[in-house]
Amino acid sequence: MNKPKKSWWILVIVSIGVMLPFMYPYVTFDPAKSRVEITSTTIQYPVLVTHIILAFIALVAGFLQFIDRIRLNHPKLHRTIGKMYVISVFISGILAFVLFFYAENFTKSLAFFVLAVVWLFTTWKAYRKAVKRNFEEHRVWMIRSFGLTLVAVVARLIMPVILLSYVAFHGFTLPGGIDEMIDEALKVNIWAGIVLNFAMVEWFILNRKLKKL
């Protein structure tokens, strides 16, 4: 049985470390602390909070799903965690469609919309493969699904690179000031996270298949 590599635990620590500070304002249930502009405290805010909390649960459950010690020695626990992951993703993903109508920027909202669609699709495929007991394909689709779960983490980690790119593109000046620079970066960071994670996940899957040849 393979033990999780150090790189895996680094990813776990970094991911949770990135998401906990982001999630904290929302678990206070105070709309005034929201990082997103709130125009409706009766629909938008509760949907946003639920979406974020469930996405975090999916993140933690996803990490646990890939631990061989749990999967091989405790199959019932593995299935329970898997169900928790699927339910969290489906509810969080569906709620993302509601948030689409409250987004202040079309480019950013479209990125979240695309992410939600692909997230739901890959998770559904992973679930169906497990039901059909096609566990090899189940694992492949789970890798894809979890790669999309990690987009929220990667999108925040690459912000310094996006900000530097913005400054370089404008000749190392800030024509609209720091606020505009951050606003422009936030319009593309989710897109960049989707593309980057998709490329890394597909490379990982291809490399995994080649090793079995």
Side-chain angles (χ1 to χ4, degrees), residues 4 8-67 70 77-78 80-105 108-120 122-123 126-127 142 145-160 162-163 179 182-183 185-194 197:
W8 175 255
W9 291 115
I10 290 173
L11 179 60
V12 172
I13 294 169
V14 169
S15 298
I16 294 177
V18 167
M19 294 311 298
L20 277 178
F22 168 78
M23 192 176 68
Y24 172 73
Y26 298 99
V27 297
T28 63
F29 303 108
D30 181 0
K33 294 182 179 180
S34 172
R35 297 175 186 268
V36 178
E37 183 180 353
I38 301 299
T39 57
S40 169
T41 55
T42 55
I43 299 176
Q44 181 194 11
Y45 185 69
V47 167
L48 177 64
V49 171
T50 306
H51 165 74
I52 289 172
I53 291 175
L54 288 174
F56 183 76
I57 291 173
L59 178 71
V60 176
F63 277 123
L64 295 174
Q65 277 293 87
F66 288 99
I67 296 178
I70 294 176
L77 178 59
H78 176 75
T80 300
I81 295 172
K83 290 175 183 177
M84 185 186 304
Y85 176 83
V86 170
I87 292 170
S88 298
V89 169
F90 272 104
I91 298 177
S92 183
I94 291 170
L95 291 178
F97 295 136
V98 178
L99 296 173
F100 174 81
F101 297 100
Y102 290 94
E104 69 277 8
N105 177 271
K108 188 191 301 184
S109 63
L110 185 60
F112 279 109
F113 182 84
V114 171
L115 176 59
V117 169
V118 184
W119 196 29
L120 289 168
T122 54
T123 304
Y127 171 74
M142 266 300 297
S145 172
F146 191 57
L148 293 165
T149 303
L150 288 170
V151 165
V153 176
V154 173
R156 286 165 178 80
L157 290 176
I158 62 176
M159 275 295 287
I162 296 175
L163 293 172
D179 289 341
I182 294 174
D183 184 60
L186 288 172
K187 291 177 183 178
V188 300
N189 72 321
I190 297 297
W191 286 113
I194 293 172
N197 278 28

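In this chain, numbering begins with 1 at the start of the sequence shown. Model, not experiment: these values are computed from the prediction.
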Residue list, side chain to side chain donor-acceptor pair (under 3.5 Å) with Ser145, at least two apart or on another chain:
Tyr85, Thr123
Has the side chain of Ser15 got a donor or acceptor atom that lies under 3.5 Å from a matching backbone atom of Val12?
no
Under the ring pair (Phe, Tyr, Trp, His ring centres under 6.0 Å) test, residues paired with Phe97 that sit two or more places apart:
Phe113
If the condition is side-chain contact (heavy atoms from CB on, under 4.5 Å), which residues does Thr39 pass it with, not counting sequence neighbours?
Glu37, Gln44, Tyr102
How close do Leu163 and Ile182 get, counting heavy atoms only, and between which atoms?
CD2-CA, 4.2 Å
Inter-residue atom distance Thr149.OG1 - Ile57.CD1, 0.5 Å rounding:
12.5 Å
Say you draw a straight line from CG of Asn105 to CG of Leu110; how long is it, rounded to the nearest 0.5 Å?
10.0 Å
Taking Asn189 for its side chain and Met159 for its backbone only, find out whether a donor-acceptor pair lies under 3.5 Å.
no
If I take atom CD from residue Gln65 and atom CE from residue Met142, how far apart are they, to the nearest 0.5 angstrom?
5.0 Å
Quick one: list whatever passes side chain to side chain donor-acceptor pair (under 3.5 Å) with Thr41, sequence neighbours left out.
none
By side chain to side chain donor-acceptor pair (under 3.5 Å), Ser92 pairs with (sequence neighbours left out) His51
First locate atom NZ of Lys187, then atom CD1 of Ile162, and finally report the distance between them rounded to the nearest 0.5 Å.
13.5 Å
Could you pull out all residues at least two apart from Phe22 that satisfy side-chain contact (heavy atoms from CB on, under 4.5 Å)?
Met19, Tyr26, Arg35, Ile52, Arg156
In Å, rounded to the nearest 0.5 Å, how long is the span from CG of Leu48 to CD1 of Ile53?
9.5 Å
Considering residues at least two apart in sequence or located in another chain, which fulfil the ring pair (Phe, Tyr, Trp, His ring centres under 6.0 Å) criterion with Phe146?
Phe63, Phe66
Listed by chain and number, what are the side-chain contact (heavy atoms from CB on, under 4.5 Å) partners of Phe112, not counting sequence neighbours?
Lys108, Ile190
State, with a plain yes or no, whether a side-chain heavy atom of Val14 is found less than 4.5 Å away from one of Leu157.
yes
Which heavy atom of Leu148 sits nearest to which heavy atom of Thr122, and what is that distance?
CD1-OG1, 3.5 Å
Supply the atom-to-atom distance Lys33 NZ to Thr28 OG1, rounded to the nearest 0.5 angstrom.
4.5 Å
Any side-chain heavy-atom pair of Leu11 and Leu150 under 4.5 Å
yes
Minimal non-hydrogen separation, Gly147 against Asn197, with atom names
O-ND2, 2.6 Å
Those residues at least two apart in sequence (or on a different chain) that pass side-chain contact (heavy atoms from CB on, under 4.5 Å) with Phe101 are none
A side-chain contact here means heavy atoms from C-beta on lying under 4.5 Å apart; do Leu20 and Phe56 qualify?
yes
Least distance between heavy atoms, Trp9 atom then Ile67 atom:
CH2-CD1, 4.0 Å
Which heavy atom of Ser88 sits nearest a heavy atom of Leu54, and at what distance?
CB-O, 3.5 Å
For Tyr127, enumerate each residue passing the ring pair (Phe, Tyr, Trp, His ring centres under 6.0 Å) test, keeping only those at least two apart in sequence or located in another chain.
Trp124
Smallest heavy-atom separation, Tyr45 atom then Asp30 atom, equals OH-N, 2.9 Å
Do Thr50 and Val47 have side chains that approach each other closer than 4.5 Å (heavy atoms only, starting at C-beta)?
no
